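Only one structure is covered here, and it is reproduced in the block below.
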Amino acid sequence: MTIKTYRQALHDTLREEMLRDENVFLMGEEIGVFEGSYKITAGLLTEFGDKRVRDTPIAEEGFTGAAIGAAMLGLRPVVEIMTINFSLLALDQIVNHAAKIYGMFGGQAKVPLVIRTPGGGGQQLGATHSQNIELYYAFVPGMKVVAPSTPADAKALLLAAIRDDDPVLFLENLALYNTKGDVPDDDTPAEIGKAKITREGHDLTLIGYSRMAYVARNIAESLAESEGLDIEVIDLMSLRPLDRATLVESVKKTHAAVVLEDDWLTYGIGAEIAATISDGAFDYLDAPVRRVAMAEVPMPYSKNLESAAMPTNDDVVNAIFQTLEAVGRRLKKVGQSHD
Amino acid sequence: MTVDSLRTAKPTPDKAAVAPSSTKAVAKKAVAKKAVAKKAVAKKSPAKKAVATSSAPVKAGATKAAARRTATKKADSARLVQFYRDMMLIRRFEERSARAYTEALIGGYCHLNLGEEATVVGLMSALRETDYLFTNYREHGYALMRGIHPNHAMAELYGRVDGVSKGWGGSMHMFDMTHRLLGGYGIVGGQLPLATGAALAINYRGLDEIVMCTMGDGTANIGAFHESLNIAALWSLPVVFVVINNGLGMGTTVAKASAEPEIYKRASAYAMASERVDGLDPVLVADAASRAIESARAGKPFLLEVVCERLRGHSVVDPAKYRSPEEVALVARLDPVPALANRLVKEKILTAAELRHIDEEETARADAADAFARASAVPDVSTLFDYNYATPVANDSRRRPGDPLFPVVARYNVEVAR
Ligand SMILES: Cc1ncc(C[n+]2csc(CCOP(=O)(O)OP(=O)(O)O)c2C)c(N)n1
Ligand SMILES: [Mg+2]
């Protein structure tokens, strides 16, 4: 084990995979000379040269499509799209080609492509630069979408994504890049399509992915301390395929769920999770599944409006308390203080 | 690297002195440069004539030609002084923004026009008030030159209610319908189709307005560039596309991003007229812009490439480590603001004291804008949903992130306190 930042874990994994397999190469805007907008690829151009670390023009549709084509011939491109907002310019190639080629041609060609891209809001970047639109990709059959929340998972899922023969959208998050954690030294890939219970508990199931999985863990820990609550936390890890069984089994045990998402509520990722729980654990639910998501507005620039549009820790805690209230469960510590 | 191949071989003394000391790539591109220079010269003379005729008053007592010469000279001097004043305002405004950014009073991304002042004032001076501008996220100077008060531009950077976009847009998204600045756009190339469409609306209504659409060199590589130029040319739309070639898209040089680094030449693929001009000289820029605009007004869209320099990093937070010390020094020497100051003194148009006075006045305006922005109110949280839809609609979501969809009902009526 080595303690690393999420950023460093990504960097090191890219490097190791490039050393392991010469078919692995990187493409994207500003990843070489500039060393990456978020410095994930720092030093790799110097080490591997511009054949394998390719700075592209600003042409998301062009270079993403080119990566798909290269993947059809057996290369394993890892494309960086500067932020997920700009992936919209490549949406056509991803949805109409990356996700379709294997099926549409009867399994004759594979597309072993990875698209790495960060989401994240809260940096005052305004309406077009603060979106979390991973749903667009998670919606599409043929795509795989993974979203690690720790440095260790970033490594394990990136290994899995690069070695996978299908197109994988690898969701990173601006707010996670500097977070630290233990990272195993061996290279065991994660299993795409599996969620992870990151904290066991009985009172309520708290579900998140990417930054919100991180938030969920922290809040569960602090409520354990301050309120004596025993919350189970699930990190989805994979948005498509979705590990429905883990969700359902957890709620059968806890009887209540709160879903945290950084996207918009209406038709968001949380809607699919709530539907899954109501479908698979209907008889076990003691309260409606609650969702905490962004306000449904184009993100304003002004700091206080932006903060008002984004879920805060208080929003999450309130949602948890209100759900427990709906269940009718007395909160130990708080209950005591009222005696 | 940015300066080398791109610097148009323009016959001003400062630049001629600088060009030879530049890197190897200059030699490689020498042929291309010559061609550009020739083109620029060929195009320059008719424009000068045009200015002379249009500004010629009739004076009794003197010969027509002599009167015209004096008047022209006076007008030229006044124009240069105005350019200087405008460039100084942009310079001081941008420096003030950078400072406020480091004080964390401005957030998000903040891209400055430092080094591009001559380009900005030249381009904007050629527009009529009724013409439209679409631009990108590096637009503070453009907003000022469109006539937006510095106070309202600065208040936008601060995210305050008095900002041009009411604090909703920030540095990258200034917008003002009355001054016909139709955005500031943060998505590279996003403004091109929109500008084309605005030109379509003008054409549709038979008006004689035009649209100017500016973008960076890196933006010429996005698909929307090609789609927009083709549509504009196909439909004879009144639009001028302007590539502000500052040699870099973030840290990527034009040579590394563009198979045809002389971007104006791409217009030929759409049978569109084009020209490349030195963006360090506001007069050359203004004259080239006027020619381009005249063409657009006659229904012939135009591609103008303006070659300039970015003095600092891509945005306020970029230390630009990818630039060599030599390049940084060269770019500093090419700074158009002191260059114009020198010219004004050398041509005896302004004294050093007068220059200083202009600087003080524009610095004061930038400072006043900063004070105004600090004092302006932050938007109230209750306004979060004010711009959801232009047409009110049933069932519009006005939920805050923590709000439940439906009221929470306690099941077993057990009182639970928080
Ligand atoms: C579609 C899209 N891709 C990437 C970006 C990130 N980005 C912002 S500015 C920029 C460079 C643009 O360079 P250029 O067009 O030369 O304009 P300059 O910044 O030099 O004025 C990039 C890559 C973006 N905003 N939009
Ligand atoms: Mg540029």
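These numbers come from a predicted model, not from an experiment.
- Side chains of A/Glu60 and A/Ser87: a donor-acceptor N/O pair is absent below 3.5 angstrom, by distance only.
- Between A/Glu80 and A/Thr117 the shortest side-chain heavy-atom distance does not fall below 4.5 Å.
- Proximity to chain B is limited to the side chain of A/Leu89, based on heavy atoms less than 4.5 angstrom apart.
- A/Ser37 touches chain B through its side chain: at least one heavy atom from C-beta onward sits under 4.5 Å away, while N, CA, C and O do not.
- No more than 12 heavy atoms of other residues, nucleotides or ligands lie within 6.0 Å of OH in A/Tyr214, so this atom counts as exposed by the packing criterion.
- Taking the ring centre of B/Phe241 as origin, the terminal cationic atom of B/Arg266 falls outside the region bounded by 6.0 Å and 45° from the ring axis.
- Your options are B/Asp396, B/Ile106, B/Val378, B/Ile187, and the one with the most heavy-atom pairs under 4.5 Å with chain A is B/Ile187.
- For the set A/Thr128, A/Asn304, A/Val292, the entry with the most heavy-atom pairs within less than 4.5 Å of chain B is A/Asn304.
- Both the backbone and the side chain of A/Ala309 come within contact range of chain B, each with at least one heavy atom under 4.5 Å from a heavy atom of that chain.
- In this structure, chain B has heavy atoms under 4.5 Å from both the backbone and the side chain of A/Gln322.
- In this structure, A/Lys39 satisfies the cation-pi test against A/Phe34, with its NZ or CZ atom closer than 6.0 Å to the six-membered ring centre and inside 45 degrees of the ring normal.
- The candidate from B/Asp403, B/Thr219, B/Thr383, B/Val161 with the greatest count of non-hydrogen atom pairs under 4.5 Å with chain A is B/Asp403.
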